Amino acid sequence: QVQLVESGGGLVQAGGSLRLSCAASGGTISAYTMGWFRQAPGKERDFVAAIRWRGGITYYADSVKGRFTISRDNAKNTVALQMNSLKPEDTAVYYCAVRYGAGYESGDFGSWGQGTQVTVSS
């Protein structure tokens with residue numbers, strides 16, 4: 001059973017940057033697509049980005065495309081999310097997860113971490 005721990009969140013001004021990290025333990029994630037999701041208060045958990053296990057193929061929500069970059073280091077068993085040009089609407093708890101299903105909805109992922117809070121002020 002793989003366990004994930006997110007870190008790197010915090011308070012940042014609009015236009016600033018943050019780098020989130022996701023560390024896996026209890027098993028390797030090298031063979032899995034990994035994803036980042038976010039959830040604002042009173043809202044559903046929404047897809048942000050995903051990266052496949054090989055080839056550097058990535059997927060992004062339209063709202064973050066061009067601003068966020070997902071990456072992974074299989075040797076270190078970690079996944080990162082570089083967040084640039086942050087906007088107040090990016091404020092949410094950010095989660096990383098392992099893809100077990102066929103789609104990119106929250107139900108297609110599992111092994112959720114506890115999340116890390118990102119707050120973007122105007």
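Numbering of residues begins at 1 and proceeds along the displayed sequence. The model shown is predicted, which means the values in this text are computed figures rather than measured ones.
Under a 3.5 Å cut-off, the side chain of Asn77 and the backbone N or O of Ala24 do form a donor-acceptor pair. In this structure, Glu6 contributes its side chain and Gln114 its backbone to a donor-acceptor pair below 3.5 Å. Checked by atom type and distance alone, the side chain of Arg99 pairs as donor or acceptor with a backbone atom of Gly103 at under 3.5 Å. Looking at Thr116, its side chain never comes within 3.5 Å of a backbone N or O of Ser7 through a donor-acceptor pair. Under a 3.5 Å cut-off, the side chain of Tyr59 and the backbone N or O of Gly35 do not form any donor-acceptor pair.
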message = Using the rule given for side-chain contact (heavy atoms from CB on, under 4.5 Å), can you reason through Gln117 versus Thr91, listing the C-alpha separation, both sets of side-chain angles and the distance that settles it, and then say yes or no?
response = CA-CA 8 Å; Gln117 176 71 50; Thr91 296; 4.1 Å; yes
message = What verdict does the side-chain contact (heavy atoms from CB on, under 4.5 Å) test give for Arg38 and Asp90, after you've listed the backbone C-alpha separation in whole Å, the side-chain angles of each residue and the deciding distance to 0.1 Å?
response = CA-CA 9 Å; Arg38 65 187 182 186; Asp90 295 319; 2.9 Å; yes
task = Mind running side-chain contact (heavy atoms from CB on, under 4.5 Å) on Met83 and Tyr94 for me, showing each step along the way?
result = CA-CA 11 Å; Met83 309 163 65; Tyr94 283 71; 3.5 Å; yes
task = Given ring-ring contact (aromatic ring centres under 6.0 Å, His included), test Phe37 with Tyr95 step by step and report yes or no.
result = CA-CA 5 Å; Phe37 287 73; Tyr95 301 87; 8.8 Å; no
query = What do the steps show when you test Tyr32 against Tyr100 for side-chain contact (heavy atoms from CB on, under 4.5 Å), and what is the final call?
reply = CA-CA 8 Å; Tyr32 292 91; Tyr100 296 115; 3.7 Å; yes
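The closest side-chain heavy-atom distance from Met34 to Ser71 is not below 4.5 Å. For the pair Phe47 and Trp36, the minimum side-chain heavy-atom distance is 4.5 Å or more. When side chains are defined from C-beta on, Val48 counts as touching Leu81, because their heavy atoms get closer than 4.5 Å. No side-chain heavy atom of Ile29 sits less than 4.5 Å from a side-chain heavy atom of Trp53. For the pair Val98/Leu4, a side-chain contact is recorded, criterion being any heavy-atom separation below 4.5 Å from C-beta on.
Residues Asn84 and Ser17 bring a donor and an acceptor atom of their side chains to less than 3.5 Å of each other.
The cationic group of Arg45 lies under 6.0 Å from the six-membered ring centre of Trp112 and within 45° of the ring axis, placing it in a cation-pi geometry.
What you find for Ser121 and Leu11 is that their closest heavy atoms are CB-CD1, 4.4 Å. Listed here is the closest heavy atom pair of Ser30 and Arg72: CA-NH2, 3.9 Å.
If you take CD on Gln82 and CD1 on Ile70, they are separated by 12.5 Å, rounding to the nearest 0.5 Å. Remark: Ser63 OG to Asp46 CG distance equals 8.0 Å, nearest 0.5 Å. Between the OG atom in Ser85 and the CZ atom in Arg67 there is a gap of 7.0 Å [rounded to 0.5 Å]. The OG atom of Ser122 sits 14.0 Å away from atom NZ of Lys87, with the distance rounded to the nearest 0.5 Å.
Phe109 and Phe68 are members of different hydrophobic clusters when ILVMFWY side chains are connected at heavy-atom separations under 4.5 Å. Under the 4.5 Å side-chain contact rule for hydrophobic residues, Tyr60 and Val120 share a cluster.
Surrounding CD of Glu105 are at most 12 heavy atoms belonging to other residues, nucleotides or ligands under 6.0 Å away. The environment of CD in Glu89 is crowded: more than 12 heavy-atom neighbours from other residues, nucleotides or ligands sit within 6.0 Å.
The one candidate from Thr58, Ile57, Thr69 that meets the side chain to side chain contact (heavy atoms under 4.5 Å, CB included) condition with Ile51 is Thr58.
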